[in-house]
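Heads up: the structure comes next, in structure tokens.
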Amino acid sequence: MNSEVIIISGPTAAGKSQKALSLAKEIDAEIISCDSIQVYRNMDIGSAKPSQAELLEVPHHLINVCDANIQFNVGDYILYAKKALKEIQKKGKRTIVVGGSGFYLKAWFSAVTDEIEIPSNIKTEVEKLAQKENVMLAKLLELDPNAAKIIDIQNPRRIRPALERIMASGLSLSELKNKFSSLPCPMGDFQKTFIMQDLQDPELFERAKHRIDKMLAQGLIAETRKLLELGIERNASASSAIGYRETISAIKSGNFENLSEEIYKNTVALIKKQRKFFKNALFKTS
RNA sequence: GGCUGGGUAGCUCAGUUGGUAGAGCAGAGGACUGAAAAUCCUUGUGUCGGCGGUUCAAACCCGCCCUUAGCCA
């Protein structure tokens with residue numbers, strides 16, 4: 001059993017997939033994707049998914065595992081990835097993890113979720129509170145007056161899970177944080193080799209630009225139309241993926257004039273955000 | 001040549017009845033326990049096209065000029 005895992009990451013368009021593919025062939029490895037959009041079926045062009053041929057050349061895991069209208073999250077990722085890792089190891093093959101989704105990637109190094117189960121009655125109760133503005137926050141501060149010291153209470157995305165966890169566990173956020181910080185890496189213990197695949201700015205931005213124009217030429221708009229029919233808008237994360245969200249709004253407004261530029265602008269922002277995450281958060285254990 | 005809109009932060013533009021200017025985007029930095037290609041926070045002195053004039057006070061009023069888009073000749 002080979003317990004080494006090679007992890008390749010870096011910003012979008014830096015050539016991670018190609019690198020992983022050639023390395024996998026070289027050392028007879030299988031690939032576990034670490035991409036929050038490539039998990040969805042039918043999101044092929046816009047997520048720069050490996051081609052059908054490439055997917056057959058080397059076994060890829062965590063690609064096409066979820067319908068685009070259903071939301072996937074890190075918790076799901078961990079479950080699937082652990083299973084894939086076990087399968088690969090059982091075959092006696094080596095594992096390459098590739099992708100630029102920082103939060104998912106972090107799961108290969110440290111805990112990113114706790115084990116608190118949120119009972120459905122608490123979920124529905126919080127759901128009710130969420131209807132009215134600021135009620136969730138008020139409730140959170142009532143149950144834990146020090147909440148603002150632990151989470152960003154100005155970020156609505158943080159309030160809800162925090163409240164659910166407090167209600168489900170009866171603990172304060174600082175107690176929860178303490179417990180959380182001692183949790184082990186969910187993927188298990190194994191030797192890791194981390195490879196950062198990045199390029200110099202002018203070159204990477206150029207590549208990103210070309211890739212976007214290629215995506216449009218390959219039919220990104222048609223792909224997005226199909227995804228709309230499949231109900232992608234019911235999935236907030238899939239429908240706000242770069243490339244798709246701009247295309248969706250272009251389809252709705254009927255104005256495709258600045259589509260390429262819009263996608264490019266947001267792609268550049270993504271590249272910068274990814275680099276920041278790698279620099280500041282990936283290896284940080286809170 | 002005449003008429004009519006524009007000319008305000010790197011870009012797109014707001015600026016109510018005159019009191020020396022803001023938003024979004026971009027840029028920079030930061031956060032991050034289940035949407036993470038998401039979300040949130042911090043960060044804006046710029047000859048308000050130019051020159052004159054009116055006024056205690058003008059991006060806002062008046063004149064001339066420059067420039068740009070469209071229309072009419």
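In what follows, chains are A, B, ... by sequence order, proteins preceding strands, each numbered from 1. Everything numeric in this text was worked out from a predicted model, so none of it was measured.
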Need one value for [X]: base, sugar-phosphate or nothing, where a base atom within 4.0 Å counts as base even if backbone is also close, heavy atoms only.
X: A:G243; value: nothing
X: A:I118; value: nothing
X: A:F72; value: sugar-phosphate

Separation of atom [atom1] in [X] from atom [atom2] in [N], rounded to whole Å:
X: A:L62; N: B:A37; atom1: CG; atom2: P; value: 14 Å
X: A:Q154; N: B:C32; atom1: CD; atom2: P; value: 15 Å
X: A:F205; N: B:A26; atom1: CZ; atom2: P; value: 13 Å
X: A:I150; N: B:C41; atom1: CD1; atom2: P; value: 20 Å
X: A:Y104; N: B:C32; atom1: OH; atom2: C1'; value: 15 Å
X: A:E261; N: B:G10; atom1: CD; atom2: P; value: 21 Å
X: A:F103; N: B:C40; atom1: CZ; atom2: P; value: 17 Å
X: A:K149; N: B:C32; atom1: NZ; atom2: C1'; value: 20 Å

Expressed as a whole number of Å, how far does the [atom1] atom of [N] sit from that of [M]?
N: B:A28; M: B:C65; atom1: P; result: 45 Å
N: B:C13; M: B:G5; atom1: C1'; result: 15 Å
N: B:G46; M: B:A38; atom1: C1'; result: 34 Å
N: B:U42; M: B:C25; atom1: P; result: 13 Å
N: B:C60; M: B:A26; atom1: P; result: 31 Å
N: B:A14; M: B:C66; atom1: P; result: 26 Å
N: B:C48; M: B:G6; atom1: C1'; result: 14 Å
N: B:U55; M: B:G63; atom1: C1'; result: 16 Å

Any strand is fair game: report the nucleotide pairing with [N] by Watson-Crick or G-U wobble, both distances under 3.5 Å, or none.
N: B:G46; value: none
N: B:U54; value: none
N: B:G10; value: B:C25
N: B:A59; value: none
N: B:G70; value: B:C3
N: B:U39; value: B:A31

Stacking of A:F180 on B:U33 base (centres under 5.5 Å, planes under 30°):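 Stacking is present between B:U33 and A:F180, given that their ring centres fall under 5.5 Å apart and the planes under 30°.
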
Per [X] side chain, nearest of listed nucleotides [options]:
X: A:R158; options: B:A37, B:U39, B:G27; result: B:U39
X: A:V268; options: B:G27, B:A36, B:A38; result: B:G27
X: A:A236; options: B:A35, B:A36, B:C40; result: B:A35
X: A:S36; options: B:C41, B:A37, B:U33; result: B:A37
X: A:N155; options: B:A31, B:A35, B:U39; result: B:U39

Counting only side-chain nitrogens and oxygens, does [X] get under 4.0 Å of the OP1 or OP2 atom of [N]?
X: A:K179; N: B:U33; answer: no
X: A:K273; N: B:U39; answer: no
X: A:T12; N: B:A37; answer: no
X: A:N73; N: B:A36; answer: no
X: A:R245; N: B:A38; answer: yes

Any side-chain heavy-atom pair of A:S9 and A:F278 under 4.5 Å: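 Yes, their side chains come closer than 4.5 Å.
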
Spacing of CG belonging to A:N235 relative to SG belonging to A:C66, to within rounding of 0.5 Å: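 Separation between the atoms: 7.0 Å.
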
Look at [X] together with [Y] and state whether they make a salt bridge at an N to O cut-off of under 4.0 Å.
X: A:D152; Y: A:R158; answer: no
X: A:K226; Y: A:E229; answer: no
X: A:E117; Y: A:K123; answer: no

Centroid separation A:F277 to A:F283 less than 6.0 Å: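 No, ring centres 6.0 Å or more apart.
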
Centroid-centroid distance, A:Y80 to A:F72, less than 6.0 Å: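 So the answer is yes for these two rings.
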
5'-most by nearest nucleotide on RNA chain B - A:K265 or A:S240: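 Nearer the 5' end of the strand: A:K265.
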
Polar side-chain contact A:D35-B:A37 base: donor and acceptor under 3.5 Å: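 When only heavy-atom distances are counted, A:D35 does reach the base of B:A37 through a donor-acceptor pair under 3.5 Å.
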
A:K192 to A:F190, cation-pi by 6.0 Å centre distance and 45° axis angle: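 Because its charged atom sits under 6.0 Å from the ring centre and within 45° of the axis, A:K192 does stack over A:F190.
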
